[in-house]
2 protein chains.
Amino acid sequence: MPTMDAAHAFALDVTKVKDAAGLADLLREACALMGCAWFALSHHVDFLAAPDRGVRVHNYPEDWARWFDERGLGLTDPVHRASHRSLEGFFWRNMKPLSGERPEDELVLSEAQRHGIGDGLTIPAHIPGEAHGSVSFAWTPGIAANDRALLFARMIGGPAFEAARLLANPGLARVGPRLTDRQRECLILAAKGNPIWRIGRILDLSPDTVREHLRNARLRYDAKGGTVLAVRALYDGDISFEEVAKR
Amino acid sequence: MPTMDAAHAFALDVTKVKDAAGLADLLREACALMGCAWFALSHHVDFLAAPDRGVRVHNYPEDWARWFDERGLGLTDPVHRASHRSLEGFFWRNMKPLSGERPEDELVLSEAQRHGIGDGLTIPAHIPGEAHGSVSFAWTPGIAANDRALLFARMIGGPAFEAARLLANPGLARVGPRLTDRQRECLILAAKGNPIWRIGRILDLSPDTVREHLRNARLRYDAKGGTVLAVRALYDGDISFEEVAKR
DNA sequence: GCTGGCACCCCCCTATCGTGCTATGGTGGA
DNA sequence: TCCACCATAGCACGATAGGGGGGTGCCAGC
């Protein structure tokens, strides 16, 4: 039975996990409490065909995970899409209005069904300017996710994701190409709307140097222009809205 | 006593609230269950000296609210800052490592204390590319926020904020200057890195028209350049990361 | 009937950006 | 020692954006 005490214990334990396996064990236990078959905690990192940033811990069938990955569903997946539009956690059966409809969705859901994944629920996890993700629990076809499980998932989802975040990047829990300090400084000023010459004056650099830093930053993100660079750096957490907010 | 059943009831009731007063009543009840004195649900909308976007519901002393507003603490407030760096909810007494230190913080906290606001906890609420906010509960000085309250707040924070979001904008739950459709289309394509001439080709418009739409969009956001426009439109929810993600 | 907002189109001009190439000095690891 | 990476700086060119004009037609609200 999922209880507040169990959630409390989970929140305590999860701060102590050392690796993904430990996190998986805890999620498996939580899963058992809720009577569900599957769990999946994942960063949504397909944004730039990301290499290995972020963490994914799940007990889905390997077949399904492969099918999912081969199609690069990290962002297109209806559950992930819905989780980008919500914050409170939702049942999959209720997510259509959140994610809108896409022709491929039907295929994804039926394929999941084929792999023994029926109804489920998802707790979104967002931090402004950092990697996004979600924690999901799913049941075998025929069993409906219930309210109590959703409440329980709400209690443990945040801590679980926070733990994953720390595992992904023990240092500052940031994901992404990680610009150099100078590149970040230049980018932040540029994203605030400063022309290059003023960035140079502010940082006491030659305009050409600033241009060079921005150029290298663009290279890292494979971004054609300054706008794309800013957007991607924001999404990936190299810069945050707070830093870019004009003050 | 905050229980899962109470949280469940809250989550049901909160979907039915019609106005801010109704939401306040529910939060007051939740507050009573947790034994706390204060609640505050708020969008963090000081970003652009925002006029009236977003919702704020609280029972803080008027004096304190005024003091807070006069200083424009919407973004600078240490609790809000910390909530921009976390997702799982936190006790105020533990938030220093999250928010970093600023000299003014001491003043804010002691001023809060002076108004009868002691320890508390905050549940952050973020949606990529939408308004940020948080739900906080606070106790009178001397009483410490407890774990059970945190768990309870985790269960009700999301639904409460979601309700506030819908109140703020019954239509699509979006906050911000709301660009016209054409402006949005142009901006999205521009933020993907397309040069104006290509945007024109895609939308079957003259480049000058595209330029015109972008110009008007910039005017609305009072944004100097395209980068600033994209960042602000992202922050305010006129466009979302998903739309801007290269595909 | 007027005003305002929106979408649409056209012109010009200049500041800025994006990019290609080069080069130096420092640092840290293999 | 050498290589890789970073920060710094410079130069030159073409592409682009941003800002300033000028218009048209449509529709809603007063």
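The structure displayed is predicted, hence computed values, not measured ones. Every chain is numbered from 1 and lettered A, B, ... according to where its sequence line falls, protein lines coming before strand lines. Side chains included, hydrogens not; waters and symmetry mates left out as well; all remaining heavy atoms used.
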When we call it a touch if two heavy atoms are under 4.0 Å apart, what does [X] touch: a base, just sugar-phosphate, or nothing?
{"X": "B/D204", "result": "nothing"}
{"X": "A/T180", "result": "sugar-phosphate"}
{"X": "A/L205", "result": "sugar-phosphate"}
{"X": "B/H213", "result": "sugar-phosphate"}
{"X": "A/S206", "result": "sugar-phosphate"}

d([atom1], [X]; [atom2], [N]) in whole Å:
{"X": "B/D181", "N": "C/dC8", "atom1": "CG", "atom2": "P", "value": "10 Å"}
{"X": "B/L219", "N": "C/dG4", "atom1": "CG", "atom2": "C1'", "value": "16 Å"}
{"X": "B/D222", "N": "D/dG19", "atom1": "CG", "atom2": "P", "value": "11 Å"}
{"X": "B/E185", "N": "C/dC6", "atom1": "CD", "atom2": "P", "value": "15 Å"}
{"X": "A/E212", "N": "C/dG20", "atom1": "CD", "atom2": "P", "value": "12 Å"}
{"X": "B/I196", "N": "C/dC12", "atom1": "CD1", "atom2": "P", "value": "17 Å"}
{"X": "B/N216", "N": "C/dG4", "atom1": "CG", "atom2": "P", "value": "16 Å"}
{"X": "B/L187", "N": "D/dG18", "atom1": "CG", "atom2": "P", "value": "11 Å"}

task: Mark yes or no for a side-chain to base donor-acceptor pair under 3.5 Å between B/R215 and D/dG20, with no hydrogen or angle criteria applied.
output: yes
base_contact_polar (C/dG18 base, A/R218 side chain, donor-acceptor, <3.5 Å): no
Is [Y] close to [X] at the side-chain level, that is, under 4.5 Å between some pair of heavy atoms?
{"X": "A/E162", "Y": "B/L87", "result": "yes"}
{"X": "A/T122", "Y": "A/F91", "result": "no"}
{"X": "B/N59", "Y": "B/R28", "result": "yes"}
{"X": "A/V228", "Y": "A/R232", "result": "yes"}

query: Which sits closer to the 5' end of DNA chain C, A/P195 or B/D208, going by the nucleotide each is nearest to?
result: B/D208
task: Five pairs at each end of the helix from C/dG1-D/dC30 to C/dA30-D/dT1: take the axis at both ends and give me the angle between them to 10°.
output: 50°
- prompt: Quick one: is B/R211 getting a side-chain N or O under 4.0 Å of the D/dG19 phosphate, OP1 or OP2?
  reply: no
query: Looking only at side-chain N and O atoms, does A/R198 come under 4.0 Å of OP1 or OP2 in C/dA15?
result: no
message: Students often mix this up, so state it plainly: with edges at 30° and 60°, are the rings of B/W67 and B/W64 parallel, tilted or perpendicular?
response: parallel
message: A/L109 vs A/W92, test: side chain to side chain contact (heavy atoms under 4.5 Å, CB included). Steps then yes/no.
response: CA-CA 10 Å; A/L109 294 176; A/W92 294 355; 5.8 Å; no
A/R182: salt bridge (charged side-chain N to carboxylate O under 4.0 Å, His left out) partners, not counting sequence neighbours: A/E185
query: Under the side chain to side chain contact (heavy atoms under 4.5 Å, CB included) criterion, do B/K16 and B/D13 qualify, and how do the steps go?
result: CA-CA 5 Å; B/K16 303 193 194 97; B/D13 292 342; 4.0 Å; yes
